[in-house]
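Reminder, nothing fancy here: chain letters follow the sequence lines and each chain counts from 1. Below, each value reflects all heavy atoms present in this structure, side chains not excepted, and no hydrogens, waters or symmetry copies.
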2 protein chains.
Amino acid sequence: MNCIKHAYDNDSLNARGRGYSKSESFDENWYKMSDADTGSDDSKDSNTVGVPQFLVVNNVHMLNGDHHHVNMYEETVDDEAKPYIEIVEQPQSRGFRFRYECEGPSHGGLQGEKSEKYRKTFPAIKIRNYNGPSRVVVNLVTDEAVPRPHAHKLVGKNCSDGVCTVDVKTGQNTVTFANLCVQHVTRKKSAEVIEQRIIESMKMDKMVKLGNLNEQAYLSEDELAQAKQQAEKQAKDMQLNVVKLCFQAYLKDGSGLISKVLPSVLSSPIYDSKAPGANVLKICRMDKYGGSCKGDEEVFLLCEKVQKDDISVRFVEQDEDGNVVWEAFGNFGPFDVHRQYAIVFKTPAYKDPNN
Amino acid sequence: MNCIKHAYDNDSLNARGRGYSKSESFDENWYKMSDADTGSDDSKDSNTVGVPQFLVVNNVHMLNGDHHHVNMYEETVDDEAKPYIEIVEQPQSRGFRFRYECEGPSHGGLQGEKSEKYRKTFPAIKIRNYNGPSRVVVNLVTDEAVPRPHAHKLVGKNCSDGVCTVDVKTGQNTVTFANLCVQHVTRKKSAEVIEQRIIESMKMDKMVKLGNLNEQAYLSEDELAQAKQQAEKQAKDMQLNVVKLCFQAYLKDGSGLISKVLPSVLSSPIYDSKAPGANVLKICRMDKYGGSCKGDEEVFLLCEKVQKDDISVRFVEQDEDGNVVWEAFGNFGPFDVHRQYAIVFKTPAYKDPNN
DNA sequence: TTATGGGGAATCCCCACAG
DNA sequence: ACATGGGGAATCCCCGTTA
């Protein structure tokens with residue numbers, strides 16, 4: 001006798017070829033700025049994954065208003081427990097939508113990965129082994145082996161110029177980022193944004209070389225042209241559908257001046273939920289939820305937007321411990337994916353078609 | 001016993017609330033230009049539907065290069081068979097896609113309503129009761145009781161500046177418009193386009209008033225501002241998803257100069273196939289094609305893009321002569337329309353549930 | 001290679017509902 | 001009236017096919 005042997009559930013719908021990256025953090029050594037690197041190299045050599053030069057330079061720039069000189073070259077050989085940034089809550093990886101500037105503000109902020117409908121959480125970091133005042137800066141970087149500044153902007157609470165800056169008081173050891181939003185810069189405008197960032201970093205680089213961060217540096221026509229060209233190149237193939245948060249912390253000394261820079265820490269990637277393929281996969285409705293163990297039955301499945309060439313329907317059986325004891329895939333081709341919102345497939349046979 | 005009683009076919013899927021307009025043509029009297037009307041009035045009084053003033057003025061302007069004076073005021077009381085434009089083939093109403101400028105040229109032209117896959121036809125007109133040379137002009141107008149010039153442009157063969165102009169030789173009594181395309185002007189740019197048209201028509205109006213079509217007229221700041229304001233108003237609620245072709249003909253005398261203007265004739269409306277709701281309704285796939293006469297069976301239907309609030313599924317039975325002997329509607333609500341591409345409905349009972 | 005057609009991505013707009 | 005979330009319209013880009 002045929003019987004309903006396999007149940008279908010939402011988790012059974014899976015996309016092929018998706019890698020869910022885990023969170024990353026950099027080594028805990030003090031960051032040491034290299035004065036030979038303009039941040040414009042294309043080398044993919046990243047045995048020692050480092051913070052991109054651009055980024056730190058930019059941050060120094062932003063802190064410029066403090067009018068004091070940070071000794072970027074300080075070496076610490078201190079082996080004691082060193083301060084470092086820890087991400088205590090990652091941002092949600094999926095389900096958040098990047099909004100365009102034209103969509104206006106206030107469409108809800110980025111939540112934490114543990115967020116629930118009626119118990120919302122938010123991305124948060126903690127500065128370990130340190131209890132004094134600091135300034136925390138968050139900006140967006142690309143999801144690459146060697147991350148670069150991203151064209152998108154952080155907007156929302158405490159944000160300006162695409163960057164989020166929070167001054168942390170003594171004793172406040174956790175920083176929670178409620179209402180952080182990712183503003184989706186259009187592909188067209190992304191070149192401009194990146195160009196600006198490059199120009200600033202090149203200026204800053206000059207200033208660092210001159211050893212004076214308080215005097216404006218100027219770029220030659222040539223350098224400007226180069227910045228533009230480079231920006232256009234970067235903008236052209238920058239992935240606009242994924243960003244990472246880059247957290248940086250500047251520790252303040254007794255007088256409130258910046259004394260140390262902690263190594264940057266990157267969050268796990270955040271995928272734009274509006275982007276094709278980045279959607280949370282979801283089965284909305286099916287015309288049958290059970291059938292013959294022999295398989296080969298046609299099922300109409302209505303789903304959220306999928307990619308006809310990168311989607312499959314997976315049947316799984318798990319034991320009490322959640323181990324997969326059986327799996328098989330629904331049978332269909334790209335042609336059976338209707339307008340990205342429905343799939344017509346044939347059921348696979350159950351492992352024991354007579355059971 | 002239950003049996004398959006009603007068949008489903010593509011024609012059974014119908015939208016509510018769609019009016020398919022029939023073709024229209026204006027009265028056959030000679031067109032008489034009113035010199036008091038700038039074409040800018042908003043009156044919806046159209047007992048005698050007339051050609052909008054803008055249009056004709058524009059055409060005169062376009063013909064200006066001929067450097068001769070057309071007597072626009074000629075009255076004919078002639079009762080003999082008068083020349084007139086007849087549309088011998090209407091354009092296809094549905095299934096044609098308006099293309100944006102950015103989409104580049106050559107995506108296929110507007111076809112005739114009788115066009116078939118391997119026997120294509122095109123919109124065509126005939127000038128009746130006349131065999132001499134003429135110039136035929138086609139442009140786009142709105143689908144309103146009082147048509148206005150449309151923001152969209154005609155492009156393709158013989159087109160320039162959004163207008164199609166064909167010189168017709170003696171003896172060629174049919175003009176066929178192969179490769180006419182409608183260029184979709186963006187809502188933003190539509191105001192500019194319309195403003196330009198209004199400015200031209202106002203200039204022309206002045207020139208007409210001055211009785212000299214060969215000398216350029218100038219507008220005051222005030223008039224320009226008024227044109228702009230009016231254009232913005234018109235652009236804001238102009239329907240960009242539908243146009244009509246406006247055919248005009250200028251008969252030439254023995255020396256090749258324009259001697260008479262025939263009354264304009266409008267085609268039936270042409271709906272942009274890419275626009276929501278203007279799609280050809282189509283059932284792509286269903287999970288069952290027959291069922292119980294008692295009805296109340298759930299059917300998953302995959303379709304082309306529909307509007308969840310303006311769609312229904314109709315079951316019909318026709319006799320041999322095509323008369324409807326029974327009809328009923330599938331039962332579903334907007335919530336059952338999945339992302340515009342699928343409908344889950346319950347079948348209605350057949351007229352005789354026991355048969 | 002262009003002509004023809006079509007799918008869907010990127011951008012933008014606006015609505016419904018909850019607080 | 002705003003904060004949040006979401007659907008879909010308007011615009012744009014690009015691909016496979018066929019003539």
Side-chain angles (χ1 to χ4, degrees), chain A residues 92 95-111 115 117-118 120 122 151-152 156-157 178-179 181 183-190 235-236 238-241 272-280 282 284 304-310 334-335 337-341, chain B residues 92 95-111 115 117-118 120 122 151-152 155-157 178-181 183-190 235-236 238-241 272-280 282 284 304-310 334-335 337-341:
Chain A
Q92 58 179 150
F96 178 74
R97 179 165 153 182
F98 302 177
R99 296 288 182 163
Y100 291 83
E101 191 177 12
C102 66
E103 295 191 84
S106 83
H107 284 272
L110 189 61
Q111 295 171 24
S115 196
K117 184 78 188 265
Y118 294 110
K120 287 189 178 160
F122 303 95
H152 291 346
K157 202 172 171 192
N179 207 302
C181 304
Q183 186 171 97
H184 193 309
V185 170
T186 63
R187 175 78 57 186
K188 259 183 192 163
K189 287 184 187 162
S190 65
K236 199 149 61 72
M238 178 172 288
Q239 280 202 78
L240 297 183
N241 297 333
D272 179 9
S273 74
K274 185 74 167 181
N279 252 357
V280 176
K282 189 177 164 198
C284 300
E304 289 307 332
K305 185 138 108 174
V306 298
Q307 310 302 112
K308 67 166 170 279
D309 293 311
D310 182 28
F335 182 77
V337 178
H338 178 68
R339 298 304 195 134
Q340 309 189 84
Y341 285 113
Chain B
Q92 57 179 150
F96 178 74
R97 179 162 153 186
F98 302 178
R99 296 286 182 166
Y100 291 84
E101 191 176 12
C102 66
E103 296 191 84
S106 79
H107 283 272
L110 188 61
Q111 296 171 25
S115 196
K117 184 78 186 267
Y118 294 109
K120 288 189 177 161
F122 302 95
H152 290 346
V155 296
K157 203 172 169 190
N179 206 302
L180 264 193
C181 304
Q183 185 171 98
H184 193 305
V185 170
T186 64
R187 175 79 59 188
K188 259 183 191 164
K189 287 185 186 161
S190 65
K236 199 149 63 72
M238 178 171 289
Q239 279 201 80
L240 298 183
N241 297 331
D272 179 8
S273 73
K274 185 73 169 181
N279 254 357
V280 176
K282 189 178 166 199
C284 301
E304 290 307 332
K305 184 137 106 174
V306 298
Q307 311 303 112
K308 66 166 172 277
D309 293 311
D310 184 27
F335 182 78
V337 179
H338 178 68
R339 298 304 195 133
Q340 308 190 83
Y341 285 114

B/Q307 atom CD: more than 12 heavy-atom contacts under 6.0 Å: yes
Heavy-atom closest pair, residues [X] and [Y]:
X	Y	result
A/G109	A/C181	CA-SG, 3.8 Å
B/Q92	B/F96	OE1-CB, 3.4 Å
B/C284	A/H338	SG-CE1, 3.5 Å

Whether B/H152 side chain and B/V185 backbone form a donor-acceptor pair below 3.5 Å: yes
Side chain A/N241, main chain A/D272, donor-acceptor under 3.5 Å: no
Contacts of A/S106 that satisfy side chain to side chain contact (heavy atoms under 4.5 Å, CB included) - sequence neighbours left out: none
With B/R339 via side chain to side chain contact (heavy atoms under 4.5 Å, CB included) - residues at least two apart: A/E304, A/Y341
Footprint string (nucleotides 8-16 of chain C, 5' to 3'): B base within contact, S backbone only, - free, heavy atoms under 4.0 Å: BSSBBBB--
Intra- and interstrand pairs of DNA chain D - dot-bracket, Watson-Crick/G-U under 3.5 Å, | marks other strand: ...||||||.|||||.|.|
Extract from the structure each pairing of a protein N or O with an N or O of nucleotides 17-19 of chain D at less than 3.5 Å, listing the distance.
none

Verdict with reasoning, B/R97 to B/E103, per salt bridge (charged side-chain N to carboxylate O under 4.0 Å, His left out): CA-CA 11 Å; B/R97 179 162 153 186; B/E103 296 191 84; 3.4 Å; yes
Spacing of A/F122 atom CZ relative to D/dA3 atom P, expressed in whole Å: 14 Å
Sugar-phosphate only, base, or nothing, as touched by A/N179 at under 4.0 Å among non-hydrogen atoms: sugar-phosphate
Sugar-phosphate, base or nothing in reach of A/K117, heavy atoms under 4.0 Å: nothing
With sequence neighbours excluded, residues passing side chain to side chain donor-acceptor pair (under 3.5 Å) with A/Q340: none
